[in-house]
Asker: 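One structure, pasted below without further comment.
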Amino acid sequence: MNILVINCGSSSLKYQLINMTNEEVLAQGIVERIGIDGSILTQKVEGRDKYIIETPMESHKIAVKLVLDALVDNKNGVINSMDEIAAVGHRIVHGGERYAKSVLVDDEVVKYIEECIKLAPLHNPAHIIGINACKELMPNTKMAVVFDTAFHQTMPEHAYLYALPYELYKEHNIRKYGFHGTSHKYVSAKVAEVMGKDIKDLKIVTCHLGNGASITAVKDGISVETSMGFTPLEGVAMGTRSGNIDPAIVTYLMKEANYSLDEVNEILNKKSGVLGISGVSSDFRDIEAAASNGNHRAQLALDIFHYRVKQHVASYAASMGGVDVVVFTAGVGENSPETREEVCKGLEFMGINIDPAKNKVRGKLTEISSDSSKVKIYIVPTNEELMIAKDTLALISK
Ligand code: ADP
């Protein structure tokens, strides 16, 4: 049984067709520059050359149509007809407070995703366009939505509320929602599985360190605390995002330094983080290279990033009353031995001891703690698409 996973962005669409019998990815691809000049679809199938279609795509509907065509294409496709797609799973960034789990798509669900546009103005509109395009092109195929925020809906009130006037929560939905939930859920379940333990018996800190980064405390199998907040800007320093700062800096910049609201927004989201500090790049590979060539600001950016992640790991042990496992995942977490080593350094007092030799590995599910380490440390490659496909399959099988 094949599930099509779709992640629709404002001008892009990523997809994977997964055979759920053996969890094999039959095809994966990306459509870029939807609605702009130079639209392009690139499809990858294991063992074959890339299949590229360059043709104007004015809308997401046209993009979805081309994806379906590419999948059933005589020469480059992987299935004979659209009937071989059992269901579609859509990644949705924001599910507000209503959805703590994935759900099948109906009108009411779409309406609520629409209501959440104010909370995720860049993402949710594109998701809705993607859902509607699929609905038109494959009206008889079931669809599910899987929310980035859902896994974190289990956080207790004292964790998700900001110490702001309570009315702001009630009137404007101001609270911590958390993101990357699908990834945190996947890697925490996976690590419990490889350790041969019931996830309910584990206290896990999951570090999703990519361009965007978030840390989550998973206790008894549920998220009890996470570093991203009302928006994905909160938490650790990231590629281009500031993470936590004194909120008064915002009003100071606007009042004393004449920055406009849009400029401050741009600074915090696009010009800060390791890019802002280093002045080199938002890509950790570039920054690590510059730092090893003696660039002080590049080293400083890395130091700040490592320090903030370390602080979160330690404080989440406090949130859970201990920690049994630390998991590293996503682009940086899976591929940077330096990041993992620097994050763990200094946490030996908590029983966290990394094995430098085991840590010399990239992108592979591996235990990297020393034999004497009280806390286990793992690299677990994330797989949000598979998680979305699994949730979708479970929903259509009900
Ligand atoms: P996102 O999905 O948030 O865009 P990813 O999880 O794909 O991010 O991670 C992208 C980041 O991973 C980039 O900053 C990239 O530099 C980093 N990365 C990838 N490979 C390596 C590596 N070998 N060493 C260090 N960082 C890496």
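Computation of the quantities below employed the complete heavy-atom set of this structure, encompassing side-chain atoms and omitting hydrogens, waters and symmetry-equivalent molecules. Source: prediction; values computed, not measured. Atoms within each ligand, like the ligands themselves, are counted from 1 in listed order.
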Asker: Please report the interatomic distance OG(Ser81) to CG(Leu68), rounded to the nearest 0.5 Å.
Answerer: 11.0 Å

Asker: Does any pair with a residue in residues 275-285 pass salt bridge (charged side-chain N to carboxylate O under 4.0 Å, His left out), and if so which ones, sequence neighbours excluded?
Answerer: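 Matches after skipping sequence neighbours: Asp283-Arg285.
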
Asker: N or O contacts of ligand 1 with protein under 3.5 Å, please list pair by pair.
Answerer:
from: ligand 1; atom 1: 3 (O); to: Asn211; atom 2: N; distance (Å): 3.2
from: ligand 1; atom 1: 3 (O); to: Gly212; atom 2: N; distance (Å): 3.3
from: ligand 1; atom 1: 6 (O); to: Gly331; atom 2: N; distance (Å): 2.9
from: ligand 1; atom 1: 8 (O); to: Asn211; atom 2: N; distance (Å): 3.1
from: ligand 1; atom 1: 12 (O); to: Val332; atom 2: N; distance (Å): 3.4
from: ligand 1; atom 1: 14 (O); to: Phe284; atom 2: N; distance (Å): 3.3
from: ligand 1; atom 1: 16 (O); to: Asp283; atom 2: OD1; distance (Å): 2.3
from: ligand 1; atom 1: 16 (O); to: Asp283; atom 2: OD2; distance (Å): 3.3
from: ligand 1; atom 1: 16 (O); to: Phe284; atom 2: N; distance (Å): 3.0
from: ligand 1; atom 1: 16 (O); to: Arg285; atom 2: N; distance (Å): 3.4
from: ligand 1; atom 1: 16 (O); to: Arg285; atom 2: NE; distance (Å): 3.4
from: ligand 1; atom 1: 23 (N); to: Arg362; atom 2: NH1; distance (Å): 3.0

Asker: Only one of His152, Lys176, Lys219 clears side-chain hydrogen bond (donor to acceptor under 3.5 Å, both in side chains) with Glu225; which?
Answerer: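 Single side-chain hydrogen bond (donor to acceptor under 3.5 Å, both in side chains) partner of Glu225 among His152, Lys176, Lys219: Lys176.
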
Asker: Quick one: which residue pairs count as a ring-ring contact (aromatic ring centres under 6.0 Å, His included) with a foot in residues 55-95, not counting sequence neighbours?
Answerer: His94-Tyr177, His94-Phe179

Asker: Kindly indicate, with the supporting measurements, whether the criterion side-chain contact (heavy atoms from CB on, under 4.5 Å) is fulfilled by Thr42 and Glu54.
Answerer: CA-CA 9 Å; Thr42 311; Glu54 285 178 271; over 6 Å; no

Asker: Taking ring-ring contact (aromatic ring centres under 6.0 Å, His included) as the cut-off, I'd like each qualifying pair that reaches into residues 109-151, sequence neighbours left out, listed once.
Answerer: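 Found Tyr99-Tyr112, Tyr99-Phe147.
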
